[in-house]
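Heads up: the structure comes next, in structure tokens.
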Amino acid sequence: MKHELIQDSNKIILKNVKDFEPKDIFECGQCFRWKKEDDASYTGVAYNRLLNVKKVNNEIHFKNTNYQDFLNIWVNYFDLNTDYSLIKKRLSNEDKVMEKATSFGDGVRILRQEPWETIISFIVSANNNIPRIMKAIELMCSRFGNEVGIYNGKKHYSFPEPKVLANLKPEDLSACNMGYRGPYIIKTAKQILSNPNQIDLLQGINTDICREGLMELSGVGPKVANCIAFFAFGKLDAFPVDVWVKRLMEFFYFNEEMKPKEIEAFAKKQYGQYAGYAQQYLFYYGRELGIGKGGAKVVGYNS
DNA sequence: CGTCAGGTTTGTT
DNA sequence: AACAAACCTGAC
């Protein structure tokens, strides 16, 4: 690691950090448990630790932690040993779209999230929107997780273990605004519980088999499986196709309606081992160009 | 009040 | 293998 690190009381400061923008990281849709504070910092829980992250000029301040946890947990969680400038450079070489796309969303990093939490979180994300996903998960954690600490006057909770969720009733989860996803969650929790090695196995295998394995879980289809493979298992070539990516890919590359499977296949061929990152930068580029619902506001890109 | 949202499951061809 | 319909819930 090339970053200059300063140890303060209960706080770690990193200097000269490139490609690290908290808003890009925590609000790009990859995670659902980081909340923005009034001072524009973000507070969240991972690996049973409560952390607050703030960017101050060119420094990143990690509060409520220590040197040991920083090295053992947060360096990996924030993917600090990956050179995002290099990834952007590689993607730029693929085509004109990526050449432009990588110049936006400058500070995004892909968090290396915990598999169990990621599996359940993305089951919740199906046919859902971010504010509702966050609210539902927050409710579930506060009711069925353990308290991990207080920050800025607010209590924070761990993500409930498989055995806890496996023993819930659907109505327990309905009460957390999970809607019809409650039974999926309970069933998946039981599946993981009855096969404790499942997660370790998925960690070590290739992307396609990892995705197949994930799709055997209840509530996990192609899109959610790709999200979990990418965000939790480090399968960097996984390319989740949701309605937004679909629209964007159709706009930038096809100029006609495509099936998600066709788009995924094209993406893997086009972007190779970094397809997942390409998907992230695509979002920011789409936002920059104002390409949204109901087709493109910008026309004639390929003409 | 109807439509729709960051898909998956279940049931039909 | 491919397609349609149902599904919680909250925002517009």
Side-chain angles (χ1 to χ4, degrees), chain A residues 23-34 101 105 108 110-111 113 117-140 143 165 168-192 208 210-232 238-252 257-265 267 275-296:
Chain A
K23 185 182 170 62
D24 290 345
I25 294 170
F26 297 122
E27 295 188 33
C28 73
Q30 65 174 320
C31 55
F32 306 104
R33 293 240 289 149
W34 290 87
V108 71
I110 301 306
L111 300 173
Q113 301 185 68
E117 173 171 343
T118 308
I119 289 167
I120 299 301
S121 296
F122 279 91
I123 288 173
V124 176
S125 81
N127 193 23
N128 212 340
N129 57 58
I130 292 177
R132 246 179 67 200
I133 300 164
M134 292 180 74
K135 189 178 171 192
I137 293 177
E138 166 72 21
L139 274 170
M140 184 180 74
R143 286 190 195 180
L165 296 187
L168 294 181
K169 301 282 170 238
E171 49 267 36
D172 295 327
L173 290 168
S174 299
C176 301
N177 293 0
M178 292 294 183
Y180 56 79
R181 304 163 193 84
Y184 301 158
I185 293 170
I186 294 167
K187 193 171 173 193
T188 287
K190 286 179 173 164
Q191 286 174 276
I192 294 292
D208 286 336
C210 177
R211 198 186 42 228
E212 297 301 311
L214 287 166
M215 283 177 61
E216 297 192 357
L217 300 171
S218 178
V220 178
K223 187 269 179 182
V224 167
N226 276 326
C227 285
I228 299 166
F230 184 53
F231 294 127
F239 193 83
V241 180
D242 58 30
V243 291
W244 292 94
V245 172
K246 183 172 180 293
R247 280 197 278 260
L248 291 166
M249 291 294 283
E250 285 165 353
F251 175 74
F252 286 124
E257 176 115 21
M258 287 282 148
K259 288 173 186 142
K261 272 204 157 182
E262 297 174 318
I263 296 173
E264 193 184 335
Y277 291 112
Q279 185 249 32
Q280 287 296 314
Y281 293 118
L282 207 63
F283 266 121
Y284 287 95
Y285 190 29
R287 182 199 292 172
E288 185 71 20
L289 291 184
I291 299 165
K293 199 173 146 186

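Numbered from 1 within each chain, the chains take letters A, B, ... in sequence-line order.
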By nearest atom, which of the nucleotides [options] is closest to the [X] side chain?
| X | options | value |
| --- | --- | --- |
| Pro222(A) | dC7(C), dG10(C), dT8(B) | dT8(B) |
| Ala126(A) | dC3(C), dT9(C), dG7(B) | dG7(B) |
| Asn129(A) | dG7(B), dA5(B), dC8(C) | dA5(B) |
| Tyr184(A) | dT9(B), dG7(B), dG10(C) | dT9(B) |

Take the protein atom [atom1] of [X] and the nucleotide atom [atom2] of [N], then report the distance between them rounded to whole Å.
| X | N | atom1 | atom2 | value |
| --- | --- | --- | --- | --- |
| Met140(A) | dC8(C) | CE | C1' | 16 Å |
| Ile133(A) | dG10(C) | CD1 | C1' | 13 Å |
| Phe122(A) | dT8(B) | CZ | C1' | 16 Å |
| Glu216(A) | dT8(B) | CD | P | 15 Å |
| Ile186(A) | dT8(B) | CD1 | P | 19 Å |
| Leu214(A) | dG7(B) | CG | P | 18 Å |
| Lys135(A) | dC8(C) | NZ | C1' | 13 Å |
| Tyr180(A) | dA5(B) | OH | P | 13 Å |

> Side chains of Val108(A) and Tyr281(A): does their closest heavy-atom pair fall under 4.5 Å?
Replying inline: yes
> Quick one: does Phe283(A)'s side chain get under 4.5 Å of Val245(A)'s, heavy atoms only?
Replying inline: yes
> Is any side-chain N or O of Asn177(A) closer than 4.0 Å to OP1 or OP2 of dG10(C)?
Replying inline: yes
> What interatomic distance, in whole Å, is found between C1' of dA11(C) and the corresponding atom of dT8(B)?
Replying inline: 23 Å
> dG10(C) and dT9(B): how far apart are their C1' atoms, nearest whole angstrom?
Replying inline: 23 Å
May I ask you to say what [X] touches in the nucleic acid, namely base, sugar-phosphate or nothing, with a heavy-atom cut-off under 4.0 Å?
| X | value |
| --- | --- |
| Gly219(A) | sugar-phosphate |
| Phe283(A) | base |
| Cys28(A) | base |
| Leu217(A) | sugar-phosphate |
| Val245(A) | nothing |

>> Any donor-acceptor pair, under 3.5 Å, between the side chain of Arg132(A) and the base of dC8(C), if you only look at N and O atoms?
In response: yes
> So, does Glu216(A) use its side chain to make a donor-acceptor pair with the main chain of Gln191(A) at under 3.5 Å?
Replying inline: no
>> Is the ring pair Phe231(A)/Phe122(A) parallel, tilted or perpendicular, if the boundaries are 30 and 60 degrees?
In response: parallel
> When you match Lys187(A) and Gln279(A) each to their closest nucleotide on DNA chain B, which lands nearer the 5' end?
Replying inline: Gln279(A)
> Now, which nucleotide makes the Watson-Crick or G-U wobble pair with dG11(B), with each of the two distances under 3.5 Å?
Replying inline: dC3(C)
> Only one of Lys259(A), Lys246(A), Arg211(A) forms a salt bridge (charged side-chain N to carboxylate O under 4.0 Å, His left out) with Glu264(A), so which one is it?
Replying inline: Arg211(A)
>> Phe32(A) vs Ser125(A), test: side-chain contact (heavy atoms from CB on, under 4.5 Å). Steps then yes/no.
In response: CA-CA 9 Å; Phe32(A) 306 104; Ser125(A) 81; 4.3 Å; yes
